Amino acid sequence: MPQSETQFNYGNLGNSVIREALKGGKGEVIKNPKVFIDPLSVFTDIPFREDIIRETAIAVRYFVKNDVKFSNLFLGLTGTGKTFVVKYIYNEIEEVKKEDPDYSGVKQVYLNSREVGGTPQAVLSVIAEKLTNSLVPRHGVNLGEYIDKIKSVLRGKKAIIYLDEVDTLVKRRGGDIVLYQLLRADADVSVIMISNDINVRDYMEPRVLSSLGPSVIFKPYDAVQLKEILAKYAEYGLIDGTFNDEILSYIAAISAREHGDARKAVNLLFRSAQLASGIGFIKKEHVDKAIVEYEQERLFEAVKSLPFHYKLALRAIVTTEDVVTAHKVYSKYCDKLKQKPLSYRRFSDIVSELDMFGIVKIKIMNRGRAGGIRKYVEVHDKEKIMKALDENLAEEMGYEYDEGSDVETS
Amino acid sequence: MSDIIDEVLSSVKNSAIFKNREYLLPDYIPEELPHRENEIKKLASILVQLYRGERPSNIFIYGLTGTGKTAVTKYVLSNLQRKLNNFEYVYINARQTDTPYRILADIIEILGDKVPFTGLSTAELYRRMVKVLERSERVMIIVLDEIDALVKKHGDDILYKLTRVNYDVHKSKISIVGITNDVKFIDGLDPRVRSSLGEEELVFPPYNAEQLEDILKKRAVLAFREGVVSESIIKLCAAIAARDHGDARRALDLLRVAGEITERERKNQVGEEEVEKARVEIERDRVYEVIATLPFHSKLVLLSIIKGLTKNTRLTTGEIYDLYRNIATSMGSEFVTQRRASDIINELDMMGIISARVVNRGRYGKTKEVVLAVDSGIVLKALLESDERFADFWSG
DNA sequence: TGTAAATTTCCTACGTTTCATCTGAAAATAAGG
DNA sequence: TTATTTTCAGATGAAACGTAGGAAATTTACACA
């Protein structure tokens with residue numbers, strides 16, 4: 001769900017235009033921003049995903065009415081509508097509860113594994129907590145107790161658990177076993193799992209795999225489908241005549257090239273619309289600008305959401321080439337800030353994580369006899385990262401780390 | 001909407017070809033294991049020690065892929081357990097359960113104790129295993145399938161420890177059944193482990209064509225609808241697989257894929273051409289998979305070979321290396337030394353993607369002559385699809 | 001006391017490069033008839 | 001012609017490399033009794 005911040009950017013438009021924008025006068029493009037901010041509240045169907053929704057609905061019905069447990073694994077790249085579908089189903093079930101008493105006792109839990117930390121502990125405790133509506137300890141208890149708790153809460157009740165981004169869980173030690181226990185638990189619980197990594201199943205033990213229900217692959221949208229989706233958003237969210245076919249095709253084509261990410265496409269449309277606000281219709285330039293903005297904000301957000309030491313590490317990396325010296329620089333920063341520096345081992349892992357986030361790129365090179373193996377780091381947008389970093393590092397504490405401080409290189 | 005690929009459902013949905021496709025999948029274990037009666041008997045006669053509550057010898061099972069090693073072992077053990085019910089056994093596939101920690105954890109779990117998956121060391125886990133074992137007062141059979149994978153990754157000290165368990169435990173005993181398809185595996189082992197593990201050895205011979213045919217026939221009845229596969233088709237599949245080390249899994253794959261192709265083509269009978277297509281498809285898939293998972297520089301070398309072969313019919317190491325360097329440089333990438341490149345060529349040869357032959361051309365030196373061993377179309381496809389960098393390079 | 005997760009401590013084996021030594025028959029040369 | 005010596009181009013071996021990354025140990029942050 002694009003829960004994008006409403007950051008209006010009027011560029012260098014004159015004051016009068018802003019006034020008009022405020023008043024919503026002429027030149028306005030967006031009819032209903034809610035369409036973009038909370039699309040589920042507006043749409044009653046999801047194009048190109050009807051089949052899976054229907055099939056899931058049937059599975060849910062069997063579960064609720066005939067006690068047939070089910071589990072699904074939704075696989076697909078980001079922006080292929082997995083989460084969207086799941087939330088849609090979730091909402092629909094909530095609605096049906098009002099009409100069909102069979103559903104009234106069915107509990108639903110949605111949770112994103114990555115957001116809660118990705119550890120078995122975190123996932124289980126959050127599930128238990130949401131199920132019981134009471135506080136559940138986050139540490140110190142045996143994992144089995146969580147399972148027991150979940151089982152006891154569900155005695156005589158049914159629950160559907162939605163696990164978003166399970167891949168983060170599965171890749172952890174014992175993550176797949178946790179799923180296994182959940183799936184095999186002696187309780188009326190059905191699970192729908194979502195993974196951005198299409199190969200999650202390779203990380204699971206055979207017994208987990210065998211207790212896992214069918215997998216559904218969400219193929220990336222192609223340009224035509226994306227266009228249709230965009231058209232729908234435009235129809236509901238934008239004022240007639242402020243957009244045309246060409247613009248939609250343009251956005252669709254760009255997004256289709258990049259793994260068919262619908263979320264990005266819709267976001268681009270929204271941004272473009274915002275940029276065109278006051279002008280009266282969306283032009284290609286707006287889209288181009290939106291793309292730049294989108295990428296920039298993504299990077300900015302990524303950096304901003306980093307833990308403190310990651311930021312410090314990143315700051316050190318930007319000024320260096322290889323991880324070894326980066327760690328020296330980092331340690332120096334820490335000293336200045338009177339922080340205890342993390343060990344090299346951990347630092348190295350952090351760098352790898354930053355690589356996974358797509359913020360930096362690691363290159364491992366082997367100089368053989370003339371220097372063994374070495375881990376290098378490449379940073380694409382040094383300046384942008386630096387800027388983002390400085391802004392919010394400065395916020396976090398009165399910083400002063402000087403450039404090019406004497407770090408031996410030999 | 002065809003974007004819903006549901007593997008499991010496909011077997012349920014009614015098909016004109018398959019009655020039940022699962023019977024052809026490699027993880028299906030049949031009720032009967034035809035033509036392995038000897039092996040079953042041998043294995044059982046070793047394990048029958050269990051009847052007296054004694055520890056059977058450790059057993060080492062060797063046999064090429066698809067000779068029924070795993071199936072026979074599971075079959076014998078589960079039957080024996082049903083009849084005797086005085087021992088425990090774990091089946092562990094060391095390719096999937098590929099760390100000492102998880103192997104120990106699996107063993108402990110079978111013995112009915114829970115283990116945390118974090119916090120402990122393997123040494124601690126070993127201690128716990130010993131404790132649980134002591135408590136259980138039973139004979140425990142540990143089956144380690146694809147045991148070579150384990151040793152290659154973690155060395156043989158886990159095996160050593162396992163073979164030594166009987167000295168640490170008194171009220172229980174364990175026996176190890178090691179399964180592998182790697183002939184050379186046993187030589188690379190610590191002599192102590194080798195002698196202990198190989199108390200008994202069992203060799204599974206490949207199936208011959210008639211045996212394969214029989215196996216296929218039995219499965220085909222279960223898997224296919226009537227009249228879909230003829231006798232001659234089964235003969236054909238069996239013959240192809242028999243030529244190929246008598247690998248039953250391959251034979252079944254062949255039959256299954258042929259069936260799938262027939263289904264795709266909306267025909268209602270599997271013909272020779274479908275079998276042929278299946279053979280090609282299986283081979284293509286294999287090659288594709290191998291290439292797609294190759295390390296970057298190996299791919300580069302392979303790409304160089306493909307490129308070079310458009311001009312010449314065969315290439316030498318030097319020529320390949322020059323091409324490789326050019327390509328790498330033009331892509332802004334580092335490149336490895338010729339020494340390494342030479343090794344990479346050997347690796348590619350071993351995988352059967354290319355064929356490299358060392359030749360002495362006298363005055364013109366000693367080199368390797370390289371030709372492609374598979375269709376260049378798939379190779380290129382695999383290369384381009386598995387790494388965007390190549391796509392840019394090839395088109396631009 | 002317990003547990004799971006995060007981090008630190010310890011260590012080696014990894015995928016190379018570099019340096020060094022071999023290889024083996026063609027071609028070039030020399031010797032023999 | 002035959003016997004020899006080059007000579008090419010890479011094969012094949014082995015050492016050196018230094019940290020990346022795996023595994024054990026320790027610490028953190030709690031819970032429970």
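Note that the structure is predicted; figures quoted are calculated from it, not measured.
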### Task
Taking all heavy atoms of A341(B) and all of V336(B), pick out the closest pair and write down the distance.
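Reported closest heavy-atom pair: N-CG2, 4.1 Å.
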So [X], base contact, sugar-phosphate only, or nothing? Heavy-atom distance under 4.0 Å.
| X | value |
| --- | --- |
| T367(B) | sugar-phosphate |
| F347(A) | nothing |
| I364(A) | sugar-phosphate |
| T122(B) | sugar-phosphate |
| Y101(B) | nothing |
| R173(A) | nothing |
| K366(B) | base |
| G119(B) | nothing |
| T118(B) | base |
| P295(B) | nothing |
| V336(B) | sugar-phosphate |

### Task
Answer with yes or no whether the side chains of K375(A) and S348(A) bring together a donor and an acceptor at under 3.5 Å.
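Yes.
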Rounded to whole angstroms, how far apart are [atom1] on [X] and [atom2] on [N]?
| X | N | atom1 | atom2 | result |
| --- | --- | --- | --- | --- |
| L143(A) | dA4(C) | CG | P | 5 Å |
| H327(A) | dT19(D) | NE2 | P | 13 Å |
| E145(A) | dA4(C) | CD | C1' | 12 Å |
| N360(B) | dT23(C) | CG | P | 11 Å |
| D148(A) | dC32(D) | CG | P | 14 Å |
| D343(B) | dT17(C) | CG | C1' | 12 Å |
| R325(B) | dT17(C) | CZ | P | 11 Å |
| Q338(B) | dA20(C) | CD | C1' | 16 Å |

Are more than 12 heavy atoms, taken from residues, nucleotides or ligands other than [X], located less than 6.0 Å from that residue's [atom1] atom?
| X | atom1 | value |
| --- | --- | --- |
| E321(A) | CD | no |
| K107(A) | NZ | yes |
| R95(B) | CZ | no |

### Message
If the threshold is 4.0 Å, N to carboxylate O, is there a salt bridge linking E109(B) and R207(A)?
### Response
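Salt bridge flag = yes for R207(A) with E109(B).
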### Task
Answer yes or no: is there an ion pair linking R127(B) with E124(B), defined by an N-O contact shorter than 4.0 Å?
yes
Of the options [options], whose atoms approach the side-chain atoms of [X] most closely?
| X | options | answer |
| --- | --- | --- |
| R339(B) | dT16(C), dG13(D), dA6(C) | dG13(D) |
| P120(A) | dT3(C), dA5(C), dC30(D) | dA5(C) |
| V141(A) | dA31(D), dG10(D), dT8(C) | dA31(D) |
| N346(B) | dG10(D), dT12(D), dC32(D) | dT12(D) |
| V358(B) | dA11(D), dT3(C), dA20(D) | dA11(D) |
| V324(A) | dA20(D), dA9(D), dA27(C) | dA20(D) |

Measuring to OP1 and OP2 of [N], would you say a side-chain N or O of [X] lies under 4.0 angstrom away?
| X | N | value |
| --- | --- | --- |
| S343(A) | dT8(C) | yes |
| R374(A) | dC14(C) | no |
| R346(A) | dT7(C) | yes |
| R367(A) | dT17(C) | no |
| Y344(A) | dA20(D) | yes |
| T317(B) | dG10(D) | no |
| H297(B) | dG15(C) | no |

### Distance-only donor-acceptor test, R345(A) side-chain atoms vs dG22(D) base atoms, 3.5 Å
yes
### N/O donor-acceptor pair, side chain R369(A) with base dT17(C), under 3.5 angstrom
no
### Query
Under 3.5 Å, side chain of R194(B) to main-chain N/O of I186(B), donor-acceptor pair present?
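Looks like yes, one N/O pair under 3.5 Å.
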### Upstream residue (5' side of DNA chain D) when V323(A) and A123(B) are each assigned their closest nucleotide
V323(A)
### Query
If you pin G368(A) and N142(A) to their nearest nucleotides in DNA chain C, which one's is more 5'?
N142(A)
